[in-house]
Q: 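Dumping the structure here so I can ask a few things about it.
Each ligand, and each atom within it, is numbered from 1 in the order the structure gives. By convention here, the first residue in the shown sequence is residue 1.
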Amino acid sequence: MTITCKLLLQNHAQDWQEATVHPFLEQCQLGIIQPQQFNTWLMQDYLFVVEFTRMVGRVLASAPPEHFDVILGGLAALKDELNWFQEKATQRQLDLNIKKQPTCREYCEYMHSLADKPYPVQATAFWAIELAYNQGWQLPGKMPAPYDEFAQRWGNTDFTKYVKLLSQQADEVLETAQEDIQKQAEESFLMVAKFEHNFWQMAFHTA
Ligand code: HMH
């Protein structure tokens, strides 16, 4: 039997729920998140996205040419996202020259370690990382300003379509992957779920 993105979500519904439903997002939706907590998330996420962009560059290096279009589209969007993070930080007078908190650092190290894994594992992790934000920011429903801009960035319908394409590319290579590689893909999905949960939690550890 072949693992698919859909089956991963079904088989690990609890882990995925914890990755995508969190008090941080609920408090954004209610407009009651403490600015310090929001800013902690924002600065750590900028540092994350720098390393995530590098990871996607390595995914491209492992991918078959038929997958380049979607991955290159993702990389272009990430460059735009990094510029946007810098603008948001300037508006909020935040210094992005800070240290990573342990969760952010461990997640970035994990992304780095994926470079040694077969492409189907990388493609699965890539999809899961993007889906976590797509669903996380979408599920709470319409957010008040200034959080609506953040919810829109990852919750918009084009982003949803992009995540769908990532799942199709992952499914396509999982289909012919050996069983132990499928197993590794499943493990990477669970690692991403765990890190995503911890990442939201980090907003409440203002260091
Ligand atoms: C922690 N996961 C985290 N940050 C992000 N920006 C994304 C996923 C998606 O881009």
Side-chain angles (χ1 to χ4, degrees), residues 5 8-9 15-25 28 33 37-60 70-89 94 96 98-114 122-140 143 147 149-167 169-170 188-205 207:
C5 292
L8 288 171
L9 290 167
D15 297 83
W16 197 249
Q17 157 108 358
E18 285 168 19
T20 54
V21 179
H22 191 276
F24 175 83
L25 292 162
C28 288
I33 190 81
Q37 293 170 343
F38 191 79
N39 291 342
T40 295
W41 164 79
L42 189 145
M43 292 186 285
Q44 293 292 321
D45 209 50
Y46 169 76
L47 299 177
F48 170 88
V49 173
V50 170
E51 295 309 319
F52 179 54
T53 303
R54 293 190 166 121
M55 175 194 132
V56 178
R58 293 187 295 264
V59 175
L60 180 75
V70 175
I71 301 168
L72 285 167
L75 279 169
L78 282 165
K79 182 58 219 158
D80 180 72
E81 190 166 306
L82 287 168
N83 292 338
W84 173 82
F85 265 113
Q86 286 167 354
E87 267 171 45
K88 294 300 119 188
L94 301 175
L96 290 174
I98 52 154
K99 275 184 61 171
K100 292 189 183 85
Q101 287 197 29
T103 292
C104 182
R105 195 182 62 236
E106 286 159 24
Y107 199 173
C108 291
E109 285 166 5
Y110 177 68
M111 288 194 291
H112 216 114
S113 75
L114 286 167
Q122 296 185 45
T124 303
F126 180 21
W127 158 73
I129 292 170
E130 295 289 40
L131 182 68
Y133 263 43
N134 181 232
Q135 293 191 339
W137 286 101
Q138 221 166 40
L139 288 171
M143 292 201 186
Y147 309 114
E149 186 183 345
F150 293 82
Q152 266 304 309
R153 172 155 284 273
W154 292 284
N156 75 74
T157 50
D158 280 347
F159 198 82
T160 303
K161 283 185 206 155
Y162 159 66
V163 174
K164 183 92 201 143
L165 292 172
L166 292 178
S167 78
Q169 295 197 162
S188 78
F189 175 81
L190 288 170
M191 289 296 283
V192 168
K194 189 196 72 156
F195 279 126
E196 289 292 336
H197 171 78
N198 292 347
F199 208 96
W200 299 125
Q201 199 58 35
M202 207 169 41
F204 299 98
H205 310 158

Q: Among protein heavy atoms, which lies nearest atom 5 (C) of ligand 1, and at what distance?
A: Y133 CE2, 3.3 Å
Q: Measure the acute angle between the ring planes of W154 and W137, then classify it against the limits of 30° and 60° as parallel, tilted or perpendicular.
A: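 Ring orientation of W154 relative to W137: parallel.
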Q: Classify the ring geometry of F189 against W16: parallel below 30°, tilted from 30° to 60°, perpendicular beyond 60°.
A: parallel
Q: Taking atom types as modelled and ignoring hydrogens, do the side chains of Y46 and Q86 form a donor-acceptor contact shorter than 3.5 angstrom?
A: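 Yes, because at least one side-chain N or O of Y46 sits under 3.5 Å from a partner of the opposite role on Q86.
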Q: I need the atoms of ligand 1 closer than 4.0 Å to a non-hydrogen atom of E130, numbered in the order shown.
A: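 Going through ligand 1 atom by atom, the ones under 4.0 Å from E130 are 9 (C), 10 (O).
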Q: Indicate, as side chain, backbone, both or neither, the part of F195 found under 4.0 angstrom from ligand 1 when only non-hydrogen atoms are considered.
A: neither
Q: Assign the ring pair Y107 / F199 to parallel, tilted or perpendicular, where the plane angle (0 to 90°) is split at 30° and 60°.
A: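 Rings of Y107 and F199: perpendicular, over 60°.
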Q: Counting non-hydrogen protein atoms only, what is the nearest one to atom 2 (N) of ligand 1? Give residue, atom name and distance.
A: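 Of the protein heavy atoms, E196 OE2, 2.7 Å lies nearest.
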Q: Which one holds for D45 and ligand 1: side chain close, backbone close, both close, or neither close, with close meaning a heavy atom under 4.0 Å?
A: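 Within the 4.0 Å criterion, D45 contacts ligand 1 through side-chain atoms alone.
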Q: Side chains of Q44 and T103: do they bring a donor and an acceptor to under 3.5 Å?
A: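 Result is no, nothing qualifies.
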Q: Which ligand 1 atoms, with their elements, are less than 4.0 angstrom from a heavy-atom of V49?
A: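 Listed by number with element, the hits are 6 (N).
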